[in-house]
Amino acid sequence: MNAIRAGFAELAGLFVDDGSLALLAVIWAVLVGLGLRLLHVPPANLAGIVLFAGLAALLAASVWRAARR
């Protein structure tokens, strides 16, 4: 049973290296989607730019934290 659990943990680790980065990326995507809908902004015009900028900032912060360790 421990081998199966270890296998699933290893498999999850292939996709999610930094749990906080993955969680924040999902939260950011939801906030962008809801925010643009509430502001009545046409999604094709602004969504990609805002989503990319936020995810790039999250990635840069994650790399900076990892470099400090």
Side-chain angles (χ1 to χ4, degrees):
M1 192 60 149
N2 284 339
I4 294 173
R5 191 172 297 149
F8 279 124
E10 187 71 26
L11 183 63
L14 291 173
F15 296 102
V16 180
D17 185 32
D18 184 3
S20 63
L21 175 63
L23 179 63
L24 288 173
V26 170
I27 290 171
W28 179 248
V30 169
L31 287 175
V32 168
L34 291 175
L36 292 177
R37 180 167 277 172
L38 290 174
L39 294 173
H40 303 292
V41 175
N45 294 341
L46 192 59
I49 296 169
V50 172
L51 187 62
F52 176 78
L55 291 175
L58 287 173
L59 181 61
S62 177
V63 168
W64 184 67
R65 277 195 324 261
R68 287 183 48 195
R69 282 187 233 148

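Annotation for Leu51 and Ala29: closest pair CD1-CA, 3.9 Å, computed over non-hydrogen atoms. Heavy atoms only, all atoms of each residue included: Ser62 and Leu21 are closest at OG-CD2, 4.0 Å.
Leu55 and Val63 fall within a single hydrophobic cluster, where Ile, Leu, Val, Met, Phe, Trp and Tyr side chains are chained together by heavy-atom contacts under 4.5 Å. In the hydrophobic cluster analysis, where Ile, Leu, Val, Met, Phe, Trp and Tyr join through side-chain heavy atoms closer than 4.5 angstrom, Leu39 is grouped apart from Leu31.
Arg68 pairs by the side chain to side chain contact (heavy atoms under 4.5 Å, CB included) definition with Trp64, not counting sequence neighbours. For the side chain to side chain contact (heavy atoms under 4.5 Å, CB included) test, residues two or more places apart in sequence or in another chain that qualify with Leu24 are Leu58.
Residue Val30 is tested with Ile27, Val32, Leu34 for a side chain to side chain contact (heavy atoms under 4.5 Å, CB included); the sole match is Leu34.
Every pair tested for salt bridge (charged side-chain N to carboxylate O under 4.0 Å, His left out) that includes a residue from residues 27-40 fails, sequence neighbours excluded, so the list is empty.
Once rounded to the nearest 0.5 Å, the distance linking CG of Asn2 with CD1 of Ile4 reads 9.5 Å.
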